[in-house]
Amino acid sequence: MPESNSSEAKTPRVRFAPSPTGYLHVGSARTFIFNWLYARHNHGTMVLRLDDTDVERNTDASVRSIFGGLRWLGLNWDEEYKQSERLALHRQQAEAIFAKGHAYRDFTPAHSADSDQSSAQGAWLSNPGMRELSREESDRRAAAGEPFALRYRVPRGEDRILRFVDGVYGAQTKLADEVEDFALLRSDGMPTYHLASCVDDADLRISHIIRGQDHLTNTFKHLLIFDALGAEAPQFAHLPLLVAPDGTKLSKRRHGPVVSVTTYRDAGFLPQAFVNFLCLLGWSPKNDREFLTLDELTAAFTLEGVNRANAVVNFTEDDPFDAKAVWLNAEHIRALPVEQLSPLLQPFLEQTGLQASPDKLLAVTPLIRERIKLLRDGASAADFFFLPQLAPYDPAELIPQKGDASLARRVLKHAQEVLTTTAFDHDSLDQALRAAAAQLGLKAGPMFQPIRVAVCGRKNAPPLFETMAVLGREVCLERIRQAEERLQSLG
RNA sequence: GGCGCUAUCGUCUAGGGGUUAGGACGUGAGAUUCUCAAUCUCAAAACCCGGGUUCGAUUCCCGGUAGCGCUACCA
């Protein structure tokens, strides 16, 4: 199997191999995206493999969270595997490696060696006792049922140098003497990550492994495993890590929910904006472009554009989202046709208890599109369109800058008269209200503010005429009447 | 500790032996506008330190420092 001529594959096969021990992490999401872009850019195959060999820590909730996150991103994959279903293959290959003499049984009880620091001084490189155990004794103890871990017999002596060329970091070398005899099989017979991962990568004929830089050093072990498997090692490309403002790797414990992609989804990020943002972390199209569609990203993506330094996701306690992510989201929201944006807004409005009919929301959407950065902002930006009754507001807001309550009253009174007869469309309202302002000897500002506050219940809102047209005559008139009442309280 | 990787505005980045070191976000100021937003203009803001190499280094080399990663019978 591993020696099958994988080199004849013309198109790349890449994989994303998350382990279901938590939710989908933004760093993992980026790794997935980069793999996907690489596959699509090169017309290759995207493989999704669940690396679930750690039975202790795997959870179904995590599996659901990961798939949910990936589905939300909207990037599909071509093949799907589950590592736990491939156990037989892993053991068989471990056996083959042992049979070829590339591994030995280590009968040292688990956790006995790592307790004291001094053991990390030199003995860790190899297990003098176990490495040299005769085959006969090894077989005998194994047959007697003594538990053992299977360890790779890393070549010692000479100046054996392990080398590979990383697609991002360039030529990498390491002395084999600096690689310890790492485990392939645990004493319970389960494969370790290194073994399972390499066996599967070889078996699935993965041509390019694109993963986080935290695996850069592990790659030497993997090279050794591919070698023992008799398989050609894939190409490797490591990605700089995503780190928090404190410089450390993003983690749930330290940094909270900001590291989960569901947090972005639930706040109302558009997946295309989120993808766009993540791509700009550690990769650059090198042409000063920031706003990129998925197609543009696919066309532009190359490993050469990947940076080598870790990238900071710039969030704070007050502000859980990187300002650039928010800005990009606003850009993508504005780029979306109203008919597409509107239904996306719907659940966010309903979440806050607003009853928004699709038709009305469609009419409202263009009025708030430029005023929201996240989809969830839609609720606060558009609430007054859907509230049957305006929330109480300070009547003082009805009074324009350089005016008093009586001016506000005059404006509202006059507006009522005008609005009773004019048609409720943008142009008619525009003409009628401007004319009304002129009659009162007022500029637009002082004229429109009392009306805006009366109709919207606040000072900052979308353009007045469009807003009133959507609200309709009845509602506007009623709200102005109520505003007059509120004004009474000011005497 | 050992090994490895990295180092340009606050953040994401472009660039590269001679440049006013470019862009974006954010920030500040202004313009426009019925408010807000959007848009436009302008501004402040960076080559980690020390040695080399060179006529000339932010760029190339070495060292230092700092950060990160690996160093598990976790992945």
Side-chain angles (χ1 to χ4, degrees), chain A residues 17-21 51-54 56-58 106 108-111 113-114 117-118 120-122 124-125 147-151 166 168-170 172-175 178-180 182-194 196-197 212-221 238 240-241 243 245-249 277 280-291 307-315 322-328 330 334 367-373 381 400-401 430 433-434 437 443-449 451-453 456 458-465:
Chain A
S19 48
T21 55
D51 277 8
D52 54 353
T53 51
D54 188 351
E56 301 282 300
R57 300 198 299 153
N58 294 340
D106 180 355
T108 311
H111 308 302
D114 58 2
Q117 301 254 19
S118 60
Q121 275 310 311
W124 57 274
L125 282 174
F148 62 85
L150 191 70
R151 280 185 188 284
D166 188 89
V168 170
Y169 289 90
Q172 302 293 315
T173 59
K174 186 164 183 146
L175 253 21
E178 250 132 29
V179 179
E180 71 278 19
F182 54 96
L184 260 18
L185 243 32
R186 304 176 200 157
S187 47
D188 61 3
M190 292 297 285
T192 61
Y193 158 76
H194 298 302
S197 176
Q213 192 243 39
D214 46 350
H215 283 297
L216 190 61
T217 321
N218 284 334
T219 304
F220 296 101
K221 293 175 189 166
H238 289 87
L241 265 20
V243 298
D246 66 7
T248 61
K249 214 166 126 176
F277 169 65
L280 262 17
L281 256 23
W283 173 81
S284 163
K286 299 185 189 289
N287 60 2
D288 284 349
R289 290 202 55 195
E290 308 272 343
F291 178 96
N307 199 23
R308 279 174 293 275
N310 290 169
V312 174
V313 180
N314 203 12
F315 59 83
D322 191 306
K324 195 160 207 166
V326 173
W327 170 75
L328 274 170
R334 283 181 224 125
L367 303 187
I368 61 170
R369 184 166 54 164
E370 290 195 345
R371 271 158 267 265
I372 60 176
K373 292 175 185 299
Q401 274 294 297
D430 189 335
L433 289 173
R434 281 185 199 280
K443 286 192 180 174
M447 176 73 195
F448 296 160
Q449 193 200 317
I451 303 176
R452 169 177 296 108
V453 174
C456 304
R458 59 169 179 251
K459 282 181 178 171
N460 298 339
L464 189 57
F465 313 132

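Here is how names work: the chains are called A, B, and so on, in the same order as the sequence lines, proteins then strands, and each is numbered from 1. Every value quoted in this text rests on a predicted model; they were computed, and no experiment measured them.
Base pairing of B:rA66 is made with B:rU6, judged by Watson-Crick or G-U wobble geometry with both donor-acceptor distances under 3.5 Å. The nucleotide B:rC42 finds its pairing partner in B:rG28, both defining distances of the Watson-Crick or G-U wobble pair being shorter than 3.5 Å. Base-pair partner of B:rG1: B:rU71 (Watson-Crick or G-U wobble, both distances under 3.5 Å). Nucleotide B:rU19 forms a pair with no other nucleotide shown, judged by Watson-Crick or G-U wobble geometry with both contacts under 3.5 Å. B:rU53 is unpaired under the criterion used here, namely a Watson-Crick or G-U wobble arrangement in which both key atom distances are under 3.5 Å. Nucleotide B:rU33 forms no Watson-Crick or G-U wobble pair with any nucleotide shown, as no partner meets the under 3.5 Å limit on both distances.
Between the C1' atoms of B:rA46 and B:rU13, the separation comes to 12 Å (whole Å). Separation of the P atoms belonging to B:rG22 and B:rG30 is 25 Å when rounded to the nearest angstrom. Rounded to the nearest Å, the gap between the P atom of B:rG10 and that of B:rU71 is 34 Å. Across B:rG23 and B:rA43, the matching P atoms stand 10 Å from one another, rounded to whole Å. Using P as the reference atom, B:rG51 and B:rG69 are 32 Å apart when rounded to the nearest Å. Comparing B:rU8 with B:rG15, their P atoms are spaced 14 Å from each other, to the whole Å. Using C1' as the reference atom, B:rA7 and B:rU59 are 13 Å apart when rounded to the nearest Å. Between the C1' atoms of B:rC73 and B:rC62, the separation comes to 42 Å (whole Å).
Evaluation of the side chain to side chain contact (heavy atoms under 4.5 Å, CB included) rule for A:Q449 yields A:P400, A:V453, A:K459 as partners, not counting sequence neighbours. Under the ring pair (Phe, Tyr, Trp, His ring centres under 6.0 Å) criterion, A:F465 pairs with A:H426, A:F448, not counting sequence neighbours.
Base contact: A:H194 has a heavy atom under 4.0 Å from a base atom. Among the atoms of the strands shown, base atoms are found under 4.0 Å from some heavy atom of A:S187. Nucleic acid contact class of A:P462 (heavy atoms, under 4.0 Å, all strands): base. Across all strands shown, A:L464 has heavy atoms under 4.0 Å from base atoms, whether or not it also approaches the sugar-phosphate. Among the heavy atoms of the strands, none lies under 4.0 Å from A:P446. Using a 4.0 Å heavy-atom cutoff across all strands shown, A:S197 reaches no nucleic acid atom at all. At the heavy-atom level, A:K249 lies under 4.0 Å from the strands shown only through sugar-phosphate atoms. Within 4.0 Å (heavy atoms only), A:E290 reaches at least one base atom of the nucleic acid. A:F465 comes within contact range of at least one nucleobase, with a heavy-atom separation under 4.0 Å. No contact: A:R458 has no heavy atom under 4.0 Å from any strand. A:A461 comes within contact range of at least one nucleobase, with a heavy-atom separation under 4.0 Å. Using a 4.0 Å heavy-atom distance criterion, A:T53 is classed as a sugar-phosphate-only contact. At a threshold of 4.0 angstrom between heavy atoms, the contacts of A:G212 with the nucleic acid are absent.
When side chains are defined from C-beta on, A:N58 counts as touching A:T21, because their heavy atoms get closer than 4.5 Å. For the pair A:F220 and A:E178, the minimum side-chain heavy-atom distance is 4.5 Å or more. For the pair A:N314 and A:K324, the minimum side-chain heavy-atom distance is 4.5 Å or more. You'll find the side chain of A:H238 stays beyond 4.5 Å of the side chain of A:V168, heavy atoms only. A:W283 places none of its side-chain heavy atoms less than 4.5 Å from the side chain of A:P240. Between A:D166 and A:T219, every side-chain heavy-atom pair lies at or beyond the 4.5 Å cut-off.
A:N218 has its CG atom 10 Å from the P atom of B:rA72, to the nearest Å. Rounded to a whole Å, the CG atom of A:D288 is 6 Å from the C1' atom of B:rG22. A:K373 has its NZ atom 15 Å from the P atom of B:rC36, to the nearest Å. The separation between A:L433 atom CG and B:rU35 atom P is 15 Å, rounded to whole Å. Atom CZ in A:F315 sits about 17 Å away from atom C1' in B:rG26, given to the nearest Å. Rounding to whole angstrom units, CE of residue A:M447 and C1' of B:rU33 are separated by 18 Å. Rounding to whole angstrom units, CG of residue A:D188 and C1' of B:rA72 are separated by 14 Å. The distance from atom CZ of A:F448 to atom P of B:rC36 is 15 Å, rounded to the nearest whole Å.
A salt bridge links A:K221 to A:E180: one of the charged nitrogens lies within less than 4.0 Å of a carboxylate oxygen.
Considering only the side chain of A:R334, B:rA38 comes nearest among B:rA38, B:rC68, B:rA24. Closest to the side chain of A:E180, from the set B:rC36, B:rU71, B:rG69, is B:rU71. Considering only side-chain atoms of A:A149, the nucleotide from B:rU71, B:rC73, B:rU13 that sits closest is B:rC73.
If A:A325 and A:P463 are placed on RNA chain B by their nearest nucleotide, the residue sitting closer to the 5' end is A:A325.
Note that CG of A:D106 is 12.0 Å distant from CG of A:L185, once rounded to the nearest 0.5 Å. Here the CG-OH distance, from A:L184 to A:Y193, works out to 13.5 Å after rounding to the nearest 0.5 Å.
Close to B:rU35, at under 4.0 Å from its OP1 or OP2, lies no side-chain N or O of A:K459. One finds no side-chain N or O of A:K286 lying less than 4.0 angstrom from the OP1 or OP2 phosphate oxygen of B:rG22.
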Heavy-atom protein contacts under 4.0 Å, nucleotides 4-11 of chain B, coded B base, S sugar-phosphate only, - none: -SSS---S
